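For reference, the structure is listed below as structure tokens.
So that the names make sense, note that chain A is the first sequence line, chain B the second, and so on, each numbered from 1. Computation of the quantities below employed the complete heavy-atom set of this structure, encompassing side-chain atoms and omitting hydrogens, waters and symmetry-equivalent molecules. All of these numbers come straight from a predicted model, not from anything done at the bench.
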2 protein chains.
Amino acid sequence: MNRTLRMTHQREIILAELQRSKTHPTADELYERIKKKLPRVSLATVYRNLEILSEAGLIKKLEISGRQKRFDWDPGEHDHVYCVRCQRVDNIETDAPAPSVASAQEQGYRITGCRIEFFGLCPKCLQQQKNKPSKGERAMACPSCTTPTLSETQRQVLEALANTSEACGSKELAAATGLESKQVSCQLTALKNKGLVDSPIRCKYAITEQGKSILS
Amino acid sequence: MNRTLRMTHQREIILAELQRSKTHPTADELYERIKKKLPRVSLATVYRNLEILSEAGLIKKLEISGRQKRFDWDPGEHDHVYCVRCQRVDNIETDAPAPSVASAQEQGYRITGCRIEFFGLCPKCLQQQKNKPSKGERAMACPSCTTPTLSETQRQVLEALANTSEACGSKELAAATGLESKQVSCQLTALKNKGLVDSPIRCKYAITEQGKSILS
DNA sequence: AAGTATATGAGAACTATTCGCATGTCAAGG
DNA sequence: CCTTGACATGCGAATAGTTCTCATATACTT
Ligand SMILES: [Mn+2]
Ligand SMILES: [Mn+2]
Ligand SMILES: [Zn+2]
Ligand SMILES: [Zn+2]
């Protein structure tokens, strides 16, 4: 009736690799490390085994709010902190007793567990924040957007903007590019979001340094 | 500098629809309800506005461990319970004070918040569990698998199985279908996982009611 | 060693969410 | 009021993380 688990070579390596890690790696972080020992493993195997091992109670699967799953070599009860910026996860000890539920408030639930998680900035990210004057709210673009791709229209607009000596409105740009002014204004918004143009004064646009560099 | 938010018709409806819901709906649950009033809304608009509204502090986004996001009309501080079976989310009151961290244990983090969540079985699921003798572990197939699709080979095997009066091994099935016994055994596993066959005794297989119904 | 249950690799499929872009709408200012 | 630009929308495509499918390989049991 119960499936009998087998200790395959892959499973052994996956377990060992997790156990040697001090942090709380994601499946694909582990996958990268494991590939060095087992070049032919598949990511699916890593996921499968982490699932199986955690069902078997040998490790623990951490499902932290709204983020990638992480895995913990230590299956014992303990809580975690995570960094809202770099996603790092660490153990933490609370001094409060395990919170219990006002029994009248259970509303008929049979409660089987509780999870406590803290969040904030890890030491490293705290440091970085101090160095930067944190201009604006999206000072750092998302990592995958390091080289945003431009549509043909966007490139046209951006080039037109590069040729102006000072900030100009979308109407002038429409004339310069031969595009409709509606379209130009749309593209300016997109470009602004990508950080390639900004708007020094209302309704006037200028190319940013980043915008210049992407054209070259 | 700051974007000025506009109260559009869509945004208004989305907010109103969330506020009238006692539960903690997912974006697409809301989407389904909203489509009745605004047949042309887009799911992206629903997501966008839920995000914007929660940034504005009018509602709250609940990111509960490893599951779909949910949204709460009540932006005040409070904790939740969720049902591990049906995913329902309800409010809950703890009687303990908010847990704090042993200061020596912060490890250099600047902690900005904490989340507490309870989990278990909601009253409804508790009820259902009592009625069923809980045979096996995957009594209920996932909703999207209500009509599993069969590969050609699987159908062959299933039909052969339907023609036997009692449980039989993979070898007989291999003979009956003309397939290799290795293949048959693979497909039996797949069929078993789909709940279309089961294995009354080790290495013997029989078609289930569900299996019969899918053939007809 | 044979035979079966279980596991694997490879890639497709899936799901929840976000993005890109053309187009629509609102509100302020001429 | 009419234009204009910021803000929003609908739609489809893209993305990321994870799971599934199936042929094939491997580990137990006997
Ligand atoms: Mn841990
Ligand atoms: Mn709530
Ligand atoms: Zn960090
Ligand atoms: Zn439930």
Whole-Å distance separating the CZ atom of A:Arg40 from the P atom of D:dT24 = 14 Å
B:Thr45 and B:Arg48 side chains, donor-acceptor separation under 3.5 Å = yes
Kindly point out which of D:dT9, C:dG9, D:dA27 is positioned nearest to the side chain of A:Gln10?
-> C:dG9
Go through D:dT9, C:dT8, D:dG17 for me and flag the one nearest to the A:Gln68 side chain.
-> D:dG17
Applying salt bridge (charged side-chain N to carboxylate O under 4.0 Å, His left out), name anything that partners A:Lys124, two or more places apart in sequence or on another chain.
-> none
How many Å lie between CG on B:Leu38 and P on C:dT25, as a whole number?
-> 13 Å
Residue-phosphate contact under 4.0 Å: B:Arg67 side-chain N/O, C:dA16 OP1/OP2 = no
Is it true that a side-chain atom of B:Arg110 and a backbone atom of A:Gly120 form a donor plus acceptor pair closer than 3.5 Å?
-> no
Could you state the atom-to-atom distance from CG of A:Leu50 to C1' of D:dG17 in whole Å?
-> 14 Å
Does a salt bridge link A:Lys37 with A:Glu17, judged by any charged N lying under 4.0 Å from a carboxylate O?
-> yes
So which nucleotide from D:dT18, C:dG9, C:dT18 ends up closest to the side chain of B:Tyr47?
-> C:dT18
Identify, between A:Ala44 and A:Ile52, the residue whose nearest nucleotide on DNA chain C lies closer to the 5' end.
-> A:Ile52
Kindly point out which of C:dT6, D:dC20, D:dT9 is positioned nearest to the side chain of A:Thr4?
-> C:dT6
Send over the distance from A:Leu5 CG to C:dT8 P, rounded to a whole Å.
-> 10 Å
Does a nitrogen or oxygen in the side chain of A:Thr45 sit under 4.0 Å from OP1 or OP2 of C:dT8?
-> no
Which nucleotide, D:dG10, D:dA8, C:dA10, lies nearest any side-chain atom of B:Ser42?
-> D:dG10
Figure out the NZ/C1' separation between B:Lys61 and C:dA16, and round it to whole Å.
-> 13 Å
Only counting residues at least two apart or in another chain, list the ones meeting side chain to side chain donor-acceptor pair (under 3.5 Å) with B:Asp90.
-> A:Tyr109, B:Arg88
Which part of the nucleic acid, if any, lies within contact of B:Asp28, taking any heavy atom under 4.0 Å across all strands shown: a base, the sugar-phosphate backbone alone, or nothing?
-> nothing
What is the distance, rounded to the nearest whole Å, between atom CZ of B:Arg11 and atom P of D:dC7?
-> 11 Å
OH of B:Tyr31 versus P of C:dT15: gap in Å, rounded?
-> 16 Å
Could one point to a donor on the side chain of B:Arg48 or the base of D:dG10 with an acceptor on the other under 3.5 Å away?
-> yes
B:Leu43 CG to C:dT15 C1', in whole Å, measures 11 Å
From C:dA5, D:dG17, D:dA8, nucleotide with atom closest to A:Arg6 side chain = C:dA5
Does C:dT18 have OP1 or OP2 sitting under 4.0 Å from an N or O in the side chain of B:Lys69?
-> yes
